[in-house]
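Below you'll find the structure, written out as structure tokens, and then a few comments.
If you're wondering where the values come from, they're calculated on a predicted model, not measured in any experiment.
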Amino acid sequence: MKSLALLAWALLFCATSLCSWPNVASDSAAEASAILKWKASLQYHSVLLSWNTSSRHPNAKTSPCAWFGIHCNRADSVRRINLTGYGVEGMLHSFPFSSLPNLAELDLSTNEFYGIIPPQIGQLSKLTYLDLSYNMFTGQIPPQIGHLIHLETLHLAGNQLNGSIPREISRLKSVTELALCGNRLNGSIPASLGELSQLVSLLLYDNFLSGPIPPEFGNLTNLSELYIDTNRLTGLIPSSLANLKNLNVLYLFNNSLSGNIPPELGNLESLAEISLYKNNLSGSIPSSFGDLRSLRLVHLYQNQLSGPIPVELGNLKYLVDLELSENKLSGSIPASLGNLSNLEILFLRDNRLSGSIPNEIGNLMKLTVFEIDHNNLTGNLPHDICRSRSLQNLTANDNHLTGPIPRGLKNCTTLQRVDLQGNRLRGNISEGFGVYPNLKFIDLSDNELYGEVSSKWGLCTSLQSLFIARNHLTGRIPDEIGDSHQIGILDLSSNHLFGEIPKEIAKLTSLLHLDLNGNQLSGSVPLELGLVSNLLYLDLSKNRLSNSIPETIGNMSLLFHLNLSFNQFTQRIPIQVGKLTVLVLLDLSHNMLSGEIPTQFESLQSLVVLNLSYNNLSGEIPATFEHLRGLYSVDISYNQLHGPIPTTQAFQIASIEAFRGNKGLCGNASGLPPCTTLSNKGHNNRTLYVVMFPLLLVASLSISSIALLFTFKKRKKVADDERQSSAGDEIFFSISSFNGKILYEEIIRATKDFDAQYCLGKGGYGSVYKAELSSGDVVAVKKFHQLHTGKMADQRQFLNEVRALVDTRHRNIVKFYGFCSAADHSFLVYKYLDRGSLGSVLGNDEESKKLDWNKRVNVVKGVVHALSYLHNDCSPPIVHRDITSNNILLDLEYEAHLSDFGTAKLLNPDSSNWTNIAGTYGYIAPELSYSMKVTEKCDVYSFGVLALELIVGRYPDDFLSDLSILTAERIPLNCVLDQRLSPPQPEVENKLEFILKVVVSCLDNNPKSRPTMHVVSQLLFDRI
């Protein structure tokens, strides 16, 4: 009976199975058909060749279970689709959501899918794994995702999703991994996420999320990773996070969090990494951090933390990376840090630390980076600071350190960067340093070191920058210095070096900056120096160099700064100086040069500052000086010159001090007699010009509504034996209704000598301050780093901005009132614009909503008109080179004003206009990375990025990542509009669509294919 029962059961099973086979086949065919419909909407790709049921196709398969990337269950129903990383392109609108009832895993990550995530995704009721990350999906996260109650992993990172995180996600009780990072999600974080009790990994970073961190996150007791950095979160760090006993990584950096760091975080015994940098956190570092014995990384830099560094941090024996820079920490560096035996990186710079550096730092055998610059530290550097032989970066500049160079540095061959400038270090430099095969940068300037420049520096074959300025060095410059072929910057200025400049210096073919001023060097400048053809900056002033200026100097075609003043050069100025067409500053003063000023100076179209004073030059000033339109400051005093001065602005606005001590100069300048007769040489063709020019000038000035007033003061002190320039030289220029000296004094008073409370922002070359004058006027003051320190970048930025702005007059260019160049302060004065930069407005949700679509269209038009003016109406044309949202200022009516001309370049039609790369990363035209040639089309590209940023509401990195697919037709306007604003009205929408088309043409990789700004201006004028 038992055997009969088994037989009957077996027959029934077979019968049932046989009856079900057609249904299985039918379901499989239906799924195949549905998948093929989706395939038809996708761009053809080789990985999808196997997706075919046609018998005529060589790779045809009747069941989808055999297709590439598709996996089935035992019943031949699709269970998994995985196409990650194959570059498939298309949308999900045709995806067979309702036809795949058994789909449990869907992985389409790292492809080129775009469009929205359809709400039908909620029909995949058995889904446990969903990864759509790193595509181009837009729109909001559909709340229907909350229907996927079996979901364990949800990855939507790296798309362009916007809107808020739907509360319905809290229904996903089984989810363990949630990654929504790298989108444009905004709004607050739903407190309901705290209900995802199984969550292990939560990634919300790189969005626009605002508001506080929900305290309910403390309920996520299984959480191991919490990444909510790079958002716009505000408020306090909730102490409830201390409940996350399994938390391994806590990243909250790059937000606007404030308040104290909760000491309760010291209870997170599993925590290995905590990163809170770039917030507004205040108070002290909790001593309870010393209980986090598993910590490997602590990043607290760029906050407002104060108080001492906790001694308890010395308990963190696994710590590898400790970064506390750019806070307000005070007190001494605790000796307990010497217990951190695994520490490799220690950043303590830009604080208020004092006292001496503990010798226990020498116990850190794995230390590779040690930065303690910009503090108030005293005492000696630890003598065994490099005992581990692994130190690569030692930065301790701008402290009050004394004593000798540590003995251990001599044998520390791993060093790559050393910066000890701005201290009071003493000792013999010849004995303190060895040979460093990996050293790239060393700055020992502004100390009290003595001895000779060692020949060993020539054995540092990787050395690129060597600064030993303003010390007490003696002896000769060694010939071996020429063996370090990679040196780009050599600064040995303000020492007591003597002897001749070695001709071997010409072997430094990478040299860009050479500063030997303020020494006792003698003899001739070696002819071989002219072989250093890449040199940008040359300062040999205040030495005892003699004989003639070598003609080979004309080979330095890239030179923008040449200072040979206060030497004993004789004979004529070589005409080859006229080949230096990119010179910005030329100073040959205080020498014994004779003969006439070369007419070839007419080629110096970039020249801003010219000083030929205190020489024996004779004859007339060449008529070709009329062509030097960029010239701004001139001094030809104490020569034997005569005749009329040129009619260019620099000569007309110069003070009498600039002409004093010559034979018989005349012209329409303060203190000079008018030219009523022909000059001694009788230039007949200039007679009418010389007689009529003063009358024409007076007439033009009376018609003009903007008068230029220039006060040029110089105080010189010439010693009997040594002729040296006074450190108190001051230049001030004023425009419009402001008096120069009064404005200077007003600004010092209004800013309390540039107190931090008046600072609006800081940049690489200086800071901007707000100054309210007694007249009621409000101005913005851009104060540069001190120019007398010899920093060539600062000088070039300052002079560039003055030169570019002095003659520009346009309603969409920030109004320029004047500048001051003095020993104590060098600054530019602008009209203050109330709403600040466009970048700051777009970065603030509330402010950006006030910048509605009409206002944004007007901002685009304003920038276009400003650039068209610079490129077409200025002579020579001006290329701004740094068009960014941070350099567009807005007034109360949201009208755009272009600012910050520090990197601007005046185009010379007769030169290649070669340049170093300048500007802001992300806005720079791609051709500059290989051609190094600046044209107006560089600004056109930057404008394209800026205009797209206005439409998107943030920097459009997602759209710029692949310009080959960037076309107006492929990017519907509604996919790129800033979601913080209401949709535009039809009329404005048409304007935005037209701007988008223009933007795409401006972003063409080929500069020749981009329109000019004049064309763009005409297009917008006709259509908008």
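- Panel note: side chain Asp491, backbone Ser493; a donor-acceptor pair is recorded below 3.5 Å.
- Here the side chains of Leu946 and Val863 are in contact, with some heavy-atom distance below 4.5 Å.
- One N or O on the side chain of Asn327 and one on the backbone of Asn303 form a donor-acceptor pair closer than 3.5 Å.
- Formation of a donor-acceptor pair under 3.5 Å by the Asp852 side chain with backbone atoms of Lys849 is not found in this model.
- Counting only heavy atoms from C-beta outward, the side chains of Glu657 and Ser637 never approach each other to under 4.5 Å.
- Pairing each heavy atom of Asn844 with each of Glu847, the nearest pair is OD1-N, 3.0 Å.
- With contacts defined as side-chain heavy-atom distances shorter than 4.5 Å, the pair Val864/Met1013 qualifies.
- In this structure, the side chain of Tyr638 does not engage the main chain of Phe659 through any donor-acceptor pair within 3.5 Å.
- No side-chain donor-acceptor contact under 3.5 Å links Arg349 to the backbone of His374.
- Taking 4.5 Å as the limit, every side-chain heavy atom of Ile883 sits out of range of all side-chain heavy atoms of Tyr923.
- Within the 4.5 Å cutoff, no side-chain heavy atoms of Tyr830 are placed close to those of Lys815.
- Side chain of Ser445 to main chain of Ala469: a donor-acceptor pair is present (N/O by atom type, distance under 3.5 Å, no hydrogens or angles).
- In this structure, Thr751 and Tyr769 approach most closely via the heavy-atom pair CG2-CB, 4.2 Å.
- Each of Ile489, Asp515, Leu420 was evaluated against Phe467; a single residue qualifies, Ile489, per the side chain to side chain contact (heavy atoms under 4.5 Å, CB included) test.
- We find the CG-OG distance between Asn376 and Ser332 to be 12.5 Å, quoted to the nearest 0.5 Å.
- Note that OG of Ser494 is 8.5 Å distant from CG of Asp446, once rounded to the nearest 0.5 Å.
- Contact annotation: the side chain of His513 never approaches that of His561 to less than 4.5 Å [non-hydrogen atoms, C-beta and beyond].
- Around the NZ atom of Lys831, the shell of radius 6.0 Å holds no more than 12 heavy atoms that belong to other residues, nucleotides or ligands.
- Distance CZ/Arg856 to CD/Glu949: 10.0 Å, rounded to 0.5 Å.
- When atom types are taken as modelled, the side chain of Gln302 and the backbone of Leu276 share no donor-acceptor pair closer than 3.5 angstrom.
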Begin with the C-alpha distance, continue with both residues' side-chain angles, and end with the deciding distance and a verdict on side chain to side chain donor-acceptor pair (under 3.5 Å) for Ser613 and His590. CA-CA 6 Å; Ser613 63; His590 293 269; 4.5 Å; no
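- Taking the ring centroids of Tyr614 and Phe566, they lie at or beyond the 6.0 Å cut-off.
- Aromatic pair His871/Tyr869: ring centres not closer than 6.0 Å.
- Distance CG/Leu890 to CG/Leu842: 8.5 Å, rounded to 0.5 Å.
- Between the CG atom of Asn886 and the OG atom of Ser837 there is a distance of 5.0 Å, given to the nearest 0.5 Å.
- Electrostatic pairing of Arg954 and Asp978 does not count as a salt bridge here, judged by no charged N lying under 4.0 Å from a carboxylate O.
- Between Leu377 and Ile372 there is a side-chain heavy-atom pair separated by less than 4.5 Å.
- Checked for salt-bridge contact, Arg881 and Asp939 miss the test: no charged N lies under 4.0 Å from a carboxylate O.
- Taking the ring centroids of Phe754 and Phe827, they lie under the 6.0 Å cut-off.
- At distances below 3.5 Å, at least one donor-acceptor pair connects side-chain atoms of Asp539 with backbone N or O atoms of Ser541.
- Formation of a donor-acceptor pair under 3.5 Å by the Arg470 side chain with backbone atoms of Asn447 is not found in this model.
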Check against side chain to side chain donor-acceptor pair (under 3.5 Å), Asp398 and Gln421: CA-CA 6 Å; Asp398 294 294; Gln421 65 96 11; 3.2 Å; yes
Show your reasoning for whether side chain to side chain donor-acceptor pair (under 3.5 Å) applies to His400 and Asn423. CA-CA 5 Å; His400 306 290; Asn423 284 286; over 6 Å; no
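- In this structure, the ring of Tyr301 has its center less than 6.0 angstrom from the ring center of Tyr277.
- Side-chain contact check for Phe651 versus Ile636: some heavy-atom pair is nearer than 4.5 Å.
- Under a 3.5 Å cut-off, the side chain of Asn375 and the backbone N or O of Asp373 do form a donor-acceptor pair.
- Note on Arg835 versus Asp891: no salt bridge recorded, every NZ/NE/NH1/NH2 to OD/OE distance being 4.0 Å or above.
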Arg811 and Glu895: CA distance, side-chain angles, deciding distance, salt bridge (Lys or Arg N to Asp or Glu O under 4.0 Å) verdict: CA-CA 9 Å; Arg811 64 177 297 172; Glu895 186 168 9; 2.8 Å; yes
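- Atom CZ of Arg352 has 12 or fewer neighbouring heavy atoms from other residues, nucleotides or ligands inside a 6.0 Å radius.
- Here the CG atom belonging to Leu300 is positioned 5.5 Å from the CG atom belonging to Leu324, to the nearest 0.5 angstrom.
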